[in-house]
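This chain uses plain numbering: 1 for the first residue, then up along the sequence. All values derive from a computational prediction rather than experimental measurement.
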Amino acid sequence: MYKEYFGLKEDPFSIAPDPQFLYMSDRHREALAHLIYGMKADSGFVLLTGEVGTGKTTVCRCLLGQIPENSEIAFILNPKLSVIELLETICDELEISYPLGNSSVKVFIDRINHYLLDAHGQGKQTVLIIDEAQNLRVDVLEQIRLLTNLETDKRKLLQVIMLGQPELNEMLERSELRQLAQRVTARYHLEPLSRDEIEGYLTHRLAVAGVERPLFPVQTINKLYKLTSGVPRVINLLCDRALLGAFVSDENSVSPKTLSQAAQEVFGKKGAGTSRVSGTQQWMLVAFLSVVLVLSFVFLVLLFISPSGQNGTEGHEMTETVNRLSPGSDSVK
């Protein structure tokens, strides 16, 4: 909707993992380098982890553009599979035929092994890429490890790249998966962008979309970093909505106010930084107000009972009561 208004040829902040929009920050460059190294090293397992939305899948898409043409790729996007379903999916991805309705692990393994040997004989490299790998079951991970057992004297016949959230690292620390963990020879954890990298990130994506002039002033970028903590996917969501808001308001760039409004629309009021009082804070506030009310009542009683020093005994007792009820007294809990 706002593309023509700003002179954009494409949507600069789409959340699709388009490699041409990948901003090569230092950490993204290192992540890609680790994947490439693992591919060339024939190590068996390569691991890329990172928080949700940090760009793992986009880096992997970029890797696919650099894989040699003689490579055969099996890409699994939904790893919530049983062992049979995993083997069936691998066969489907690599176009390996198998008996319809087969439920035998051995039949699948034999077909896959035959395929890997044949591909190796033709000088081809077979790569299995698994996205959202933190969702893999333990028995499925063990089956994947067993698939990598097929090897020659010099190389593995199946290369496995796993992309996942930090929980994947925790899974691999389990004792029953220690054999797999020992085969991971290249791993990298992708962190969110820094404040300075966000500025380069915005400039890069806008330039790819056809606009060279800055649409996000420095103050807006500072606020964007606070709102997103540098997570690229969240940056894209906010910037897309903010550009729409700037278009509707007939602005030439995105102001901090427009960005805040966009954050309220994307995250809701709670996500936009509205203050919330915790349960402990509420209890302390109620306790404080209760003490204040009690002290006010006691003060009024003292004022009416002993306005000129009469009823001294009662007044003295009231004074002691006030002291006991005061916030600093040990009697108030």
Side-chain angles (χ1 to χ4, degrees), residues 17-19 22 28-50 55-81 83 85-98 108-136 140-165 168 171-172 177 179-190:
D18 189 341
L22 176 61
H28 285 83
R29 187 176 292 105
E30 289 180 12
L32 182 59
H34 275 74
L35 293 182
I36 293 174
Y37 167 78
M39 290 283 296
K40 293 181 178 180
D42 293 324
S43 57
F45 285 91
V46 182
L47 192 63
L48 176 60
T49 58
K56 302 181 295 295
T57 303
T58 307
V59 170
C60 186
R61 297 283 185 182
C62 185
L63 172 71
L64 292 177
Q66 303 186 36
I67 289 179
E69 294 182 359
N70 64 340
S71 298
E72 299 293 335
I73 308 296
F75 207 138
I76 298 179
L77 296 174
N78 180 15
K80 286 191 174 183
L81 305 168
V83 170
E85 290 170 337
L86 170 80
L87 297 175
E88 186 176 7
T89 303
I90 292 174
C91 288
D92 291 340
E93 286 287 308
L94 297 175
E95 299 182 353
I96 301 172
S97 62
Y98 55 89
F108 282 119
I109 295 296
D110 289 344
R111 297 295 178 99
I112 292 173
N113 284 347
H114 183 272
Y115 174 89
L116 293 176
L117 286 169
D118 185 60
H120 174 68
Q122 299 178 39
K124 296 181 179 180
Q125 182 182 25
T126 306
V127 183
L128 172 62
I129 301 176
I130 305 175
D131 202 359
E132 303 291 347
Q134 76 279 351
N135 292 318
L136 288 167
V140 175
L141 279 167
E142 177 61 14
Q143 182 60 68
I144 294 172
R145 182 189 70 81
L146 293 174
L147 285 176
T148 64
N149 280 343
L150 190 62
E151 57 191 358
T152 66
D153 292 338
K154 295 185 177 181
R155 62 175 297 182
K156 294 282 187 181
L157 298 187
L158 179 64
Q159 186 81 41
V160 181
I161 297 176
M162 294 192 295
L163 317 175
Q165 296 170 22
L168 179 58
M171 288 179 60
L172 295 180
L177 292 174
Q179 288 181 293
L180 191 154
Q182 291 173 1
R183 296 190 183 187
V184 178
T185 56
R187 66 174 73 203
Y188 187 80
H189 184 74
L190 189 59

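Taking Glu85 as the reference, nothing meets the salt bridge (Lys or Arg N to Asp or Glu O under 4.0 Å) condition, with sequence neighbours excluded.
The shortest distance between side-chain heavy atoms of Tyr98 and Asp92 falls below 4.5 Å. Leu87 has its side chain within reach of Leu147: a pair of non-hydrogen atoms, C-beta onward, lies under 4.5 Å apart. For the pair Leu168/Leu163, no side-chain contact is recorded, criterion being any heavy-atom separation below 4.5 Å from C-beta on. Residues Leu77 and Glu132 are not in side-chain contact: their nearest non-hydrogen atoms beyond the backbone lie 4.5 Å or more apart. Residues Leu172 and Leu180 form a side-chain contact, since some pair of their non-hydrogen atoms from C-beta on lies under 4.5 Å apart. Two residues are said to be in side-chain contact when any heavy atoms from C-beta on lie closer than 4.5 Å; Gln143 and Ile109 meet this criterion.
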Decide side chain to side chain contact (heavy atoms under 4.5 Å, CB included) for Leu117 and Leu157; before the verdict, give the C-alpha distance in whole Å, the side-chain angles of both, and the deciding distance to 0.1 Å. CA-CA 7 Å; Leu117 286 169; Leu157 298 187; 3.6 Å; yes
So Ile112 and Leu158, side chain to side chain contact (heavy atoms under 4.5 Å, CB included) or not? Walk me through it. CA-CA 10 Å; Ile112 292 173; Leu158 179 64; 5.8 Å; no
For side chain to side chain contact (heavy atoms under 4.5 Å, CB included), just list the numbers for Arg183 and Asn149, CA-CA rounded to whole Å, side-chain angles, deciding distance to a tenth of an Å, and then say yes or no. CA-CA 11 Å; Arg183 296 190 183 187; Asn149 280 343; 2.8 Å; yes
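Distance check, rounded to the nearest 0.5 Å: CD1 of Ile76 to CG of Leu86 gives 5.0 Å. Interatomic distance, CG of Asn113 versus CZ of Arg111, reported as 12.0 Å (0.5 Å rounding). Distance check, rounded to the nearest 0.5 Å: NE2 of His28 to CG of Leu190 gives 4.5 Å. In this structure, CD on Gln165 lies 10.0 Å from OG1 on Thr49, to the nearest 0.5 angstrom. Considering CG of Leu35 and CG of Leu47, their distance stands at 9.5 Å, rounded to 0.5 Å. Interatomic distance, Leu128 CG to Ile144 CD1, rounded to the nearest 0.5 Å: 6.0 Å.
Nearest heavy-atom pair across Thr185 and Tyr37 is O-CE2, 4.3 Å. Residues Ala186 and Gly38 share a closest heavy-atom pair of CB-CA, 4.0 Å. Closest heavy-atom contact between Leu136 and Val140: CD2-CG1, 3.8 Å. Across every non-hydrogen atom of Met162 and Phe45, the tightest pair is CE-CD2, 4.0 Å. Residues Tyr115 and Thr126 come closest through the heavy atom pair CE2-OG1, 4.0 Å.
Counting heavy atoms of neighbouring residues, nucleotides and ligands inside a 6.0 Å radius, atom CD of Gln122 exceeds 12 of them.
Using modelled atom types, no side-chain atom of Gln134 and backbone atom of Gly164 make a donor-acceptor pair closer than 3.5 Å.
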Using residues 57-66 as the side-chain source, report each donor-acceptor pair under 3.5 Å to any protein atom, sequence neighbours left out, with the distance given to one decimal.
from, atom 1, to, atom 2, distance (Å)
Thr57, OG1, Asp131, OD2, 2.9

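Each of Lys56, Glu30, His34 was checked for a side chain to side chain donor-acceptor pair (under 3.5 Å) with Tyr188, and the lone residue meeting it is Glu30.
Residue pairs meeting the salt bridge (Lys or Arg N to Asp or Glu O under 4.0 Å) criterion with at least one partner in residues 65-77, sequence neighbours excluded, are Glu72-Lys124.
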